[in-house]
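Following: one structure in C-alpha cells, then a few remarks.
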Amino acid sequence: MEYVTLGNTGLRVSVAGLGCGGNSRVGLGKGKTRAEALTLVHRALDLGVNVFDTAAAYGTESLIGEAIKAVPRDRVVVATKALIHRHGTPIPPTQVVASLDQSLRQLHTDYIDVFQLHVVPPAMYDHALHEIAPVMLREKEKGKFRHLGITETSPNDHEQHMLQRAVHDGMWEVVMLGFNLMHHNARAKVFPHTMAHGIGTFLMFVVRNIFSQPGRLTAKMKELAEAGQVPRWLAETDTPLDFLLHASGASSLTDAAYRFVRHEPGVHVVLFGTSNPEHLEANIASLLKPPLPEADRQKLSDLFGHLLGIGLELPGPVT
C-alpha cells in the first residue's frame, strides 16, 4: 500500500479507501452476511487500507466499529458523516450533534478522525457554514472528532458550486467530491484551491455504473454524440474507451478509471465500495499501478474535459 498525508490534517492515509455506503454497503446491500462483510473489511486491513468512510445514513457504522477492534485505534482513519438537511429543510445543530454522538456509539470509539457534513447542496451551504460548523467545532474541542469535512452532492451539483465556495472559507479540513474519466470539473475549479489551502480530498463516483457496465457507457456515448458533445466515432462502437487498453496502458476500463484519478494532482484518497474480495484486491492493485500514459490522459482531456456530470448516478436501491 502507498500512503500520503491528508492535506494539513497530518493524517497518513492509504491512497485506497473503503467506501461503506453505495449499493454494496460492504456487502450488506448485496445480500452478504455480517460475517462476510467483516471478513471483507479485515481483508482490506490486511492489504494496508486504513481509511474507512461510512455515514449515519449508511447503516454500516456498527460493522466498521466491530471490524476495527482487531487493530490498534491509531492504525485506522475512520470517517463518518451526518446529514444537515432533509429534502431541503435544514436540520438544527442539536440534531447534528446527536448524530455525532450516536456515530461514536455505533463505531465503538472515543473519537472520529474525520467528521463530515453529508451531501451538502449549494442552497444549504450557508446553513452548514454559519449554523452547523460553529457548533461542531465546539464538539471537536471536546475531543469527539479530529477534523471537520464536508461532502458535495455530486449528482445534483455538477459544476461543484458548493465546493467552489467551501475551499476558500478556511473551515473545512477535508472535502469529498466526484471526479472520474468523463467528469473533470474539479481539475480547474477545486483541486488548485485544495492544494493551495492544504485541504484533504476523498474521491467518490470514480467508477459507478457507467464504467463497470459496458451497456451504460455505450448508451451515454450515443446520447452525448447526438447532442454534439463528443465526436460521432465514440457512438459508433460498443467499446468507445478501448483506446485506453493496450500493452503500455490499462488492462481494463475499471483499471483505467482508478489509475486516471489516483494520479491527479490534488487527490489523496480514492474511495470505492465493493462486496467482493476479488474486486477489493483488483481495485487496490489498479490504484497502486503507475499513471496512465500521458498520451492517453491528454486524449481523455481533449475528448471529455468540457463535460459535466457524467458518471454521477445516484446509488440504486439496496436490499
With heavy-atom distances below 4.5 Å as the criterion, would you say the side chains of C20 and I64 are in contact? yes

For E36, enumerate each residue passing the salt bridge (Lys or Arg N to Asp or Glu O under 4.0 Å) test, keeping only those at least two apart in sequence or located in another chain. none

Sorted by first residue and then second, give each salt bridge (Lys or Arg N to Asp or Glu O under 4.0 Å) pair with at least one member in residues 147-171; sequence neighbours left out. D126-R165

Listed partners of H118 passing side-chain hydrogen bond (donor to acceptor under 3.5 Å, both in side chains), at least two apart: none

Checking ring pair (Phe, Tyr, Trp, His ring centres under 6.0 Å) against F179, which of F304, F205, F260 comes through? F260

N180 side-chain N/O to H183 backbone N/O, donor-acceptor pair under 3.5 Å: yes

Among residues at least two apart in sequence or on other chains, which ones pass side-chain hydrogen bond (donor to acceptor under 3.5 Å, both in side chains) with Q229? none

Which residues share a salt bridge (Lys or Arg N to Asp or Glu O under 4.0 Å) with R216, sequence neighbours left out: none

Identified side chain to side chain donor-acceptor pair (under 3.5 Å) counterpart of N185 within the set Q160, H158, H306: Q160

dist L312:CG -> I310:CD1 (nearest 0.5 Å) comes out at 8.0 Å

Please list, one pair per line, the donor and acceptor atoms closer than 3.5 Å that link side chains of residues 93-102 to other protein atoms, with sequence neighbours excluded.
from: D101; atom 1: OD1; to: K144; atom 2: NZ; distance (Å): 2.8
from: Q102; atom 1: OE1; to: R105; atom 2: NE; distance (Å): 3.1
from: Q102; atom 1: OE1; to: R105; atom 2: NH2; distance (Å): 2.9

Sub-3.5 Å donor-acceptor pair from the side chain of R259 to the main-chain atoms of P290, do we have one? yes

For a 4.5 angstrom cut-off between non-hydrogen side-chain atoms, does L137 reach K140? yes

Under 3.5 Å, is there a donor on one side chain and an acceptor on the other for S14 and N50? yes

Restricting to side-chain hydrogen bond (donor to acceptor under 3.5 Å, both in side chains), what partner residues turn up for N156, sequence neighbours left out? T153

Partner residues of T151 under the side-chain hydrogen bond (donor to acceptor under 3.5 Å, both in side chains) criterion, sequence neighbours left out: none

I want to check something: taking the side chain as every heavy atom from C-beta on, are D110 and L104 in contact at a cut-off of under 4.5 Å? no

Would you please name every residue forming a salt bridge (Lys or Arg N to Asp or Glu O under 4.0 Å) with R12, sequence neighbours left out? none

Atom NE2 of H279: over 12 foreign heavy atoms under 6.0 Å: no

What pairs of residues pass the salt bridge (Lys or Arg N to Asp or Glu O under 4.0 Å) test when at least one of them lies in residues 55-69, not counting sequence neighbours? R34-E66

Audit row: L181, L253, side chain to side chain contact (heavy atoms under 4.5 Å, CB included) steps and yes/no: CA-CA 10 Å; L181 287 168; L253 188 53; 4.0 Å; yes

With E226, which residues qualify under salt bridge (Lys or Arg N to Asp or Glu O under 4.0 Å), at least two apart? R232

Strictly by modelled atom types, are T9 and R146 linked by a side-chain donor-acceptor pair under 3.5 Å? no

The complete set of salt bridge (Lys or Arg N to Asp or Glu O under 4.0 Å) pairs with one or both residues in residues 288-299, sequence neighbours excluded, reads D255-K289, E264-R297

